[in-house]
Student: 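Would you mind keeping the following structure in view while I ask a few things?
Heavy-atom basis, side chains included; hydrogens, waters and symmetry copies ignored. The sequence lines fix the lettering, A, B, ..., with proteins before strands; numbering per chain opens at 1.
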Amino acid sequence: MKTSQLLTATLREAPADAEIVSHQLMLRAGMIRQLAAGIYTWLPLGLRVLRKVEAIVRDEMNRAGGQEIQMSAIQPAELWQESGRWEQYGPELLRIADRHEREFCFGPTHEEIITDLVRREIRSYKQLPINLYQIQTKFRDEIRPRFGIMRAREFLMKDAYSFHLNDESLQETYEQMHATYSKIFTRLGLKFRAVIADSGNIGGSKSHEFHVLADSGEDQIVFSENSDYAANLEKAEAIIPQESRPEPSQTMKTVDTPGQHSIDEISSFFNISAKQCLKTLIVKSEDDGLIALVLRGDHELNTIKAEKLAGVLSPLTFADNAEIKSSIGCEVGSIGPVGLSIPLYIDHSAGNLSDFICGANTDAKHLTGVNWERDVPLPASVDIRNVCEGDMAADGSGKLNFARGVEVGHIFQLGTKYSASMKASCLDEQGKAVTLTMGCYGLGVSRVVASAIEQNHDDKGITWPAAIAPFQLALIPINMHKSQRLREAVMSFYEELLTAGIDVILDDRRERPGVMFADMELIGIPHRFVFSEKGLDAGEIEYKARTDTDNQNIALDTASQFITEKLIQ
RNA sequence: CGGGGUGUAGCUCAGCCUGGUAGAGCGCUGCCUUCGGGAGGCAGAGGUCGGAGGUUCGAAUCCUCUCACCCCGACCA
């Protein structure tokens, strides 16, 4: 490819509404343009990258025994009604009607469609297991699309669905997909981590997320310093403290604490660590009452864990001030478990405190020297907090480290959630009808592109991993238009590279060298050769990798071999 | 959807407070010079100031409505 034939649309300045690096660089490099909120046009350069990601994903899926299909982006409402998600899914589902007023949606995911297909086609256990996938445009009408292609409403996703006679078979395919995803992200050249995840509203039991590590990532992931254990913060288990609770050494006293509400205020008022304070949060219960959640002062509530507690209203809803005042009799800043008449859930760490400080359930008063069992009954404690950096990992292997990640893949063991409601079954060896067990495996292809940039950039632009760079090699001739000899040398070298199958871009624009250097660096071509008259006299060309600091001279007659070897590495 | 913000040339922005007929830099076109890190000069093209309504002799500027986009929250590949 020659730059004169490519829609090079590089910008010196990033449009003001691009917030994160990948969005800015994708705009500046001329990879994408915005059409509407969360909706983008892919320009030639961006599409080349997208296609390369897609090719790797497809190749690995095929190797793992996946079969590619293509389902319709538009889906009939009937199937969604059958699974019950037409009502459940909410406004994120883009619903449309045709000219006959028949209802459809633009597919945000394809469980219903694949389940419908499989229940029609699969008759016998002999056809199982089966793993079908597609790479296709999805639409989710997100409340707030942002960060360019990273969280778009329309995006490209690889979604695979497997069907099984039993859980053992599902487990096998699930593990195979786990390994396949690891291969894919390794081939893409990305630093990533597989973590234990919450399965969210897709349903099912077991799931893992794959995160590309990047400081700008929206997810907090935690991992053990000594083992493979890794989890999304929302799912990471906090283990029960191993040390036993110290014996009480203080007597309980009521202290006036005018104007002291937050844990920060209380801990500095008493000049004591937040770890010795209790935080009591009041949420709504399913039967319209209130429930108290008690945490150690320095800990954060984990809403996902809390929502799963018996009786707690999901989604988690905090009680408002008026409800608390009328039910408990004090303001938010003075609540504590002592004498509280509503149901309590105590976090493990909070339950392990002694001589702690908490609200007295009377305005402007707190209790000090409080002890479980002696002053207040201690129900069985539960895990409702976010783990902290330095906590012991749930597998007991070592301390937890934190990192930020971008979720690019998510695999689920769905079980029979869809196959049961949509009656997808087949006959087993005994000729008995068995409801199929199902797994699903998503991978955000377009998001991979953005996250790759988040992980690989410098002050000059993108530094693509070789596997997904739009071109492998840039050829930059200096003052080519002034030298017939140079032009001939460059063109013949260019042809030679093309013949050798090298993905090369020749910058044949009549630009000054600085412009060409800056553009090729911005779009992140991993390797570069510079041709000049001077070099030609010496029989040399100049080589520099995108991330090198210095040039090196290469004999022209070995340059083709040189770059071939570089590309194999 | 709740809260906040922005809409003026392809991009970044000034002008708005205090109304008087639209600007800069970059980019774009042509010519000249320059030619190894986003050059310089000259000449140009390009805007119904997001839209509608209103106030006024006069509106980018003041008022009302509306649309779009962005940011913070809950959601997700």
Student: I need the CD-C1' distance between Gln24(A) and rC71(B), as an integer number of Å.
Tutor: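 It is 14 Å, rounded to the nearest whole Å.
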
Student: Among rG36(B), rA77(B), rC71(B), find the nucleotide with the atom closest to the side chain of Ser532(A).
Tutor: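 Nearest nucleotide to the side chain: rG36(B).
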
Student: Over how many whole Å does the gap from Glu142(A) atom CD to rC72(B) atom C1' extend?
Tutor: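 Distance, rounded to whole Å: 16 Å.
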
Student: Sticking with atom P, work out how far rG25(B) lies from rA14(B), rounded to a whole angstrom.
Tutor: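 It comes out at 16 Å once rounded to the nearest Å.
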
Student: Choose from rG37(B), rG38(B), rC72(B) the nucleotide whose nearest atom is closest to any side-chain atom of Lys460(A).
Tutor: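 When the side chain of Lys460(A) is considered, rG37(B) is the closest of rG37(B), rG38(B), rC72(B).
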
Student: Determine the Euclidean distance between corresponding C1' atoms of rA74(B) and rC65(B); express it in Å to zero decimal places.
Tutor: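 Those two atoms are separated by 30 Å.
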
Student: Phe106(A) ring centre to Arg153(A) NZ or CZ under 6.0 Å, with the angle to the axis within 45°?
Tutor: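 No, cation not above the ring by the 6.0 Å, 45° rule.
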
Student: Using the P atom on both, measure rA60(B) against rC42(B) and round to a whole Å.
Tutor: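 It works out to 32 Å between them.
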
Student: Look through every strand shown and name the nucleotide pairing with rA43(B) as Watson-Crick or G-U wobble, where both distances are under 3.5 Å.
Tutor: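 By the stated definition (distances under 3.5 Å), rU29(B) pairs with rA43(B).
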
Student: Any base atoms under 4.0 Å from Ala16(A), or only sugar-phosphate, or nothing? Heavy atoms, all strands.
Tutor: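 Since only primed, P, OP1 and OP2 atoms lie under 4.0 Å of Ala16(A), the category is sugar-phosphate.
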
Student: Does the side chain of Asp508(A) pick up a donor-acceptor pair with the side chain of Ser4(A) at under 3.5 Å?
Tutor: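 Yes, Ser4(A) and Asp508(A) have a side-chain donor paired with an acceptor closer than 3.5 Å.
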
Student: Scan Asp17(A) against the nucleic acid and name what it touches under 4.0 Å (heavy atoms): base, sugar-phosphate only, or nothing.
Tutor: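 The residue Asp17(A) makes sugar-phosphate contact but no base contact.
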
Student: For atom C1', what is the distance between rG47(B) and rG36(B), given to the nearest Å?
Tutor: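 Each nucleotide's C1' atom is 39 Å from the other's.
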
Student: Applying the Watson-Crick and G-U wobble criteria at under 3.5 Å, what pairs with rU6(B)? Answer none if nothing qualifies.
Tutor: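 By the stated definition (distances under 3.5 Å), rA68(B) pairs with rU6(B).
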
Student: Hey, which of these two, Arg447(A) or Gly148(A), hits RNA chain B nearer its 5' end, going by closest nucleotide?
Tutor: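 It is Gly148(A), whose closest nucleotide lies nearer the 5' terminus.
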
Student: Test the Arg51(A)-Trp42(A) pair against the cation-pi criterion, namely NZ or CZ under 6.0 angstrom from the six-membered ring centroid and within 45° of the ring axis.
Tutor: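 No, a cation-pi geometry is absent between Arg51(A) and Trp42(A).
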
Student: Does Gln34(A) place a side-chain N or O at less than 4.0 Å from the phosphate oxygens OP1/OP2 of rA68(B)?
Tutor: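 Answer is no, no contact under 4.0 Å.
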
Student: Decide yes or no, distance alone: a donor-acceptor N/O pair under 3.5 angstrom between the base of rG37(B) and the side-chain of Arg528(A).
Tutor: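 Check passes, donor-acceptor contact within cut-off.
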
Student: Out of rC69(B), rC11(B), rG36(B), which nucleotide sits closest to the side chain of Phe517(A)?
Tutor: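 Side chain of Phe517(A) sits closest to rG36(B).
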
Student: Check whether the ring centres of Phe529(A) and Phe493(A) lie less than 6.0 Å apart, and answer yes or no.
Tutor: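 Under 6.0 Å, so yes.
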
Student: Determine whether a donor-acceptor pair (one donor, one acceptor, N or O, separation below 3.5 Å) exists between the side chain of Glu542(A) and the base of rG36(B).
Tutor: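 For Glu542(A), whose side chain was compared with the base of rG36(B), there is a donor-acceptor pair (under 3.5 Å).
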
Student: Tell whether Arg12(A) reaches the base of rU12(B) with its side chain through a donor-acceptor pair below 3.5 angstrom.
Tutor: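 Between rU12(B) and Arg12(A), which were checked side chain against base, a qualifying N/O pair under 3.5 Å is absent.
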
Student: Ignoring hydrogens and geometry beyond distance, is the side chain of Asp519(A) in donor-acceptor contact with the base of rG38(B) at under 3.5 Å?
Tutor: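 Answer is yes: a donor-acceptor pair is held.
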
Student: Across all strands shown, which nucleotide pairs with rA77(B) by Watson-Crick or G-U wobble geometry, both distances under 3.5 Å?
Tutor: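 WC or wobble partner does not exist here.
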
Student: Just checking Ala9(A): base, sugar-phosphate only, or nothing, at a heavy-atom cut-off of under 4.0 Å?
Tutor: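 The answer is nothing, as Ala9(A) stays clear of every strand by at least 4.0 Å.
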
Student: Mind checking Val408(A) for me? I need base, sugar-phosphate or nothing, with any heavy atom below 4.0 Å counting as a touch.
Tutor: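 Result for Val408(A) = sugar-phosphate.
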
Student: What nucleic acid atoms does Leu11(A) come within less than 4.0 Å of, heavy atoms only: base, sugar-phosphate, or nothing?
Tutor: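 The residue Leu11(A) makes no contact with any strand.
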
Student: May I ask you to check whether Glu234(A) and Asn302(A) show a side-chain donor-acceptor distance below 3.5 Å?
Tutor: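 No.
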
Student: Which part of the nucleic acid, if any, lies within reach of Ala18(A) when heavy atoms closer than 4.0 Å are counted: base, sugar-phosphate only, or nothing?
Tutor: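 Contact class for Ala18(A): none.
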
Student: Which nucleotide in the set rC71(B), rG38(B), rA77(B) lies at the smallest distance from any side-chain heavy atom of Ala518(A)?
Tutor: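 Comparing rC71(B), rG38(B), rA77(B) against the side chain of Ala518(A), the answer is rG38(B).
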
Student: Using the C1' atoms only, state how far rG46(B) lies from rG40(B), rounded to an integer number of Å.
Tutor: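 Result for the C1' pair: 23 Å, nearest Å.
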
Student: Let me know the distance between CD of Glu92(A) and C1' of rA77(B), rounded to the nearest Å.
Tutor: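 Going from CD in Glu92(A) over to C1' in rA77(B) covers 11 Å.
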
Student: Can you check the Glu511(A) CD to rC26(B) C1' distance for me, whole Å?
Tutor: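 From Glu511(A) CD to rC26(B) C1': 14 Å.
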
Student: Step by step, would you call Glu323(A) with Lys284(A) a salt bridge (charged side-chain N to carboxylate O under 4.0 Å, His left out)?
Tutor: CA-CA 10 Å; Glu323(A) 286 170 294; Lys284(A) 298 198 180 186; 3.6 Å; yes

Student: For atom CD of Glu92(A), decide whether the heavy atoms of other residues, nucleotides or ligands shown that lie under 6.0 angstrom number more than 12.
Tutor: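 It does: Glu92(A) CD has more than 12 such atoms within range.
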
Student: Report yes or no: does Glu454(A) contribute a side-chain atom to a donor-acceptor pair with the main-chain N or O of Ser22(A) at less than 3.5 Å?
Tutor: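 Yes; at least one donor-acceptor contact below 3.5 Å.
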
Student: Checking side-chain contact (heavy atoms from CB on, under 4.5 Å) for the pair Asp507(A)/Phe517(A): CA distance, chi angles, key distance, verdict?
Tutor: CA-CA 10 Å; Asp507(A) 200 341; Phe517(A) 292 151; over 6 Å; no

Student: Contact class for Val530(A) (heavy atom, under 4.0 Å): base, sugar-phosphate, or nothing?
Tutor: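 Base, at least one base heavy atom under 4.0 Å.
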
Student: With hydrogens left out and only the distance checked, is there a donor-acceptor pair under 3.5 Å joining Arg146(A)'s side chain and the base of rC70(B)?
Tutor: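 No, the side chain and the base share no sub-3.5 Å donor-acceptor pair.
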
Student: In whole angstrom, give the distance that lies between atom CD of Glu521(A) and atom C1' of rG37(B).
Tutor: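 Taking atom C1' of rG37(B) as the reference, CD of Glu521(A) is at 8 Å.
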
Student: Would the base of rG25(B) count as contacting Glu13(A) through its side chain, where contact means a donor and an acceptor less than 3.5 Å apart?
Tutor: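 Such a pair exists between side chain and base.
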
Student: Which value, in whole Å, describes the distance between the P atoms of nucleotides rA52(B) and rA68(B)?
Tutor: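 About 16 Å, rounded to a whole number of Å.
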
Student: Nearest of rU12(B), rC72(B), rC69(B) to any side-chain atom of Ala37(A)?
Tutor: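 Side chain of Ala37(A) sits closest to rC69(B).
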
Student: Is Arg28(A) touching bases, backbone alone, or none of the nucleic acid, heavy atoms closer than 4.0 Å?
Tutor: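 If one applies the 4.0 Å heavy-atom cut-off, Arg28(A) turns out to touch a base.
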
Student: Once you apply a heavy-atom cut-off of 4.0 Å, does Lys482(A) come out as touching a base, just sugar-phosphate, or nothing?
Tutor: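 Base contact - Lys482(A) has a heavy atom under 4.0 Å of at least one base atom.
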
Student: Without decimals, in angstroms, what is the distance between Arg151(A) CZ and rC71(B) C1'?
Tutor: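 Atom CZ in Arg151(A) sits about 14 Å away from atom C1' in rC71(B).
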
Student: Who is the Watson-Crick or G-U wobble partner of rG38(B), with both distances under 3.5 Å?
Tutor: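 Base partner found: none.
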
Student: If you measure from the P atom in rG50(B) to the same atom in rG37(B), how many Å do you get, rounded?
Tutor: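 Going atom to atom, P in each nucleotide, I get 41 Å.
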
Student: rU56(B) pairs with which nucleotide, Watson-Crick or G-U wobble, both distances below 3.5 Å?
Tutor: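 WC or wobble partner does not exist here.
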
Student: Do Arg48(A) and Phe471(A) meet the cation-pi criteria used here (NZ or CZ under 6.0 Å from the six-membered ring centre, within 45° of the axis)?
Tutor: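 Yes, Arg48(A) and Phe471(A) form such a contact.
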
Student: Quick one: on RNA chain B, does Leu522(A) or Leu443(A) contact a more 5' nucleotide (nearest heavy atom)?
Tutor: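 Upstream on the strand: Leu522(A).
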
Student: So which nucleotide does rA24(B) pair with, by the Watson-Crick or G-U wobble rule with both distances under 3.5 Å?
Tutor: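 Partner of rA24(B): rU12(B).
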
Student: If I pick the P atom on rG10(B) and the same atom on rC72(B), what distance separates them, to the nearest angstrom?
Tutor: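 Approximately 28 Å lies between the P atom of rC72(B) and that of rG10(B).
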
Student: Would you say whether Phe155(A) stacks on rA77(B)? The test is a distance between ring centres of less than 5.5 Å and an angle between planes of less than 30°.
Tutor: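 Per 5.5 Å and 30° rule: yes, stacked.
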
Student: Rounding to a whole Å, what distance do you find between Asn302(A):CG and rA74(B):P?
Tutor: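 Computing the Asn302(A):CG to rA74(B):P distance gives 13 Å.
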
Student: Without decimals, in angstroms, what is the distance between Asp219(A) CG and rC75(B) P?
Tutor: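 Result: 11 Å.
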
Student: Phosphate oxygens OP1/OP2 of rU34(B): is one of them under 4.0 Å from a side-chain N or O of Arg512(A)?
Tutor: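 Arg512(A) to rU34(B) OP1/OP2: no side-chain N or O under 4.0 Å.
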
